[in-house]
Structures are given as structure tokens and as C-alpha cells.
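Structure record follows, encoded as C-alpha cells.
For the single chain, residues carry numbers from 1 onward in sequence order.
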Amino acid sequence: MSTATAVAPLTTAEAEALVMAAHQAAEAAGVTVSVTVLDAGGHLLAFRRDDRAVLISGETSIRKAFTALQLNTPTADLVDAVQPGGVFHTLPTALDRPLLFIAGGVPVQRGGRPIGAIGVGGGAPEQDHSFATTAVDALVQGMRRP
């Protein structure tokens with residue numbers, strides 16, 4: 001029998017807060033982005049695409065979030081793994097969405113366990129990663145407050 005304790009799922013309010021924090025960070029940097037938040041099962045909880053963002057940024061943000069969720073690792077940490085000779089270079093996928101190994105996807109954890117992921121698309125990969133990380137950090141700080 002497992003002794004693991006249950007972890008509260010990512011709520012819609014938390015997902016919306018993640019989207020808003022990432023969008024505000026991007027806006028402050030003058031970057032137009034799309035932001036996606038998925039729950040632990042890979043289901044869409046929150047999404048925002050600025051009208052000025054390129055259309056593909058929406059799909060990119062979804063795939064970045066999905067990749068971070070499936071591998072429970074920020075996509076920025078996975079970029080080298082898909083290069084020739086990397087551990088994921090020939091990773092087969094039978095998933096409903098292809099994985100996307102570009103910075104901008106960050107898993108969201110509670111109690112060290114994955115509860116979802118955020119993906120940001122539209123800026124340079126390093127910018128997208130920064131916006132996603134800023135949002136997750138803000139959420140984590142909020143979780144620590146009594």
C-alpha cells in the first residue's frame with residue numbers, strides 16, 4: 001500500500017494567475033506572447049493569446065507546456081537532449097501531441113509532485129522561459145503564504 005499523501009490539483013484560479021503573471025512579464029519586456037496552462041492530465045486549464053501574437057505562438061505554447069508536463073522538466077533543460085547523440089534524439093512519440101524541445105515550458109509542482117505545466121510562446125525561447133519561470137515562481141511564493 002502506498003503511503004503517498006494526496007496533492008491538491010492545480011486550480012483554475014491558479015492557472016489563470018499563472019497566465020496573468022507570464023503575460024504581465026512579457027508585456028513589461030515589450031514582447032507579445034501566448035500562454036497555456038495544462039493540468040496534471042494534460043487538459044487545458046487556461047489560455048491567452050494576444051491579438052498581436054503570431055498564430056503559431058498558441059500551438060507552440062501548448063506543446064511547450066505538454067512537453068514540460070510529460071517529462072516533468074523545464075523544456076530549456078531538454079534542448080541538448082534532442083541534439084544528435086542526445087538521450088532524446090530518437091525518442092519515439094505515441095502521444096496525442098508531439099513534444100517540443102524549445103525553452104518556454106515549465107512544470108508546476110506542489111509538494112514536489114507535478115500538478116500541471118505552463119507554456120509560453122511568441123518571444124525568443126530564452127524570453128519565453130523567463131516569463132514562464134516568473135509566473136511559476138510567483139505562484140510558488142503565493143502557495144507559501146499563510
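Atom CG of Leu45 sits about 4.5 Å away from atom CG of Asp39, to the nearest 0.5 Å. For the atom pair OG1 (Thr75) and CG (Asp128), the distance works out to 8.5 Å, reported to the nearest 0.5 Å. Atom CG of Leu78 sits about 11.5 Å away from atom CD1 of Ile102, to the nearest 0.5 Å. Going from atom CG of Leu139 over to atom CG of Leu10 covers 7.0 Å, rounded to the nearest 0.5 Å. For the atom pair CD (Gln127) and NE2 (His129), the distance works out to 12.5 Å, reported to the nearest 0.5 Å. Note that the CZ atom of Phe66 and the CG atom of Leu44 stand 12.5 Å from one another [nearest 0.5 Å].
The pair Glu59-Lys64 fails the salt-bridge criterion, with no side-chain N (NZ, NE, NH1 or NH2) lying under 4.0 Å from an Asp/Glu carboxylate O.
Between Ile115 and Ala8, the shortest heavy-atom distance links the atoms CG2-O, 3.6 Å. Taking all atoms of both residues into account, the shortest heavy-atom contact from Thr134 to Ala25 is CG2-CB, 4.2 Å. Gly121 and Ser57 make their closest contact through O-CB, 3.5 Å (heavy atoms, listed as atom of the first residue, atom of the second, distance). Thr36 approaches Ser61 most closely through the heavy-atom pair OG1-OG, 2.7 Å. In terms of heavy-atom proximity, Pro9 sits nearest to Arg110 at O-NH2, 3.0 Å. The nearest pair of heavy atoms linking Ala65 to Ile118 is CB-C, 3.7 Å.
Between the Gln70 side chain and the Thr67 main chain, no donor and acceptor come within less than 3.5 Å of each other.
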Before you tell me yes or no, could you show the steps for Asn72 and Gln109 under side chain to side chain contact (heavy atoms under 4.5 Å, CB included), namely the whole-Å CA-CA distance, both residues' side-chain angles and the distance that decides it to 0.1 Å? CA-CA 9 Å; Asn72 195 26; Gln109 299 182 343; 3.0 Å; yes

Walk me through whether Phe47 and Val35 qualify under side chain to side chain contact (heavy atoms under 4.5 Å, CB included). CA-CA 6 Å; Phe47 175 79; Val35 183; over 6 Å; no

Would Arg48 and Met20 count as a side chain to side chain contact (heavy atoms under 4.5 Å, CB included) here? Give the steps. CA-CA 9 Å; Arg48 178 174 181 169; Met20 186 56 65; 3.7 Å; yes

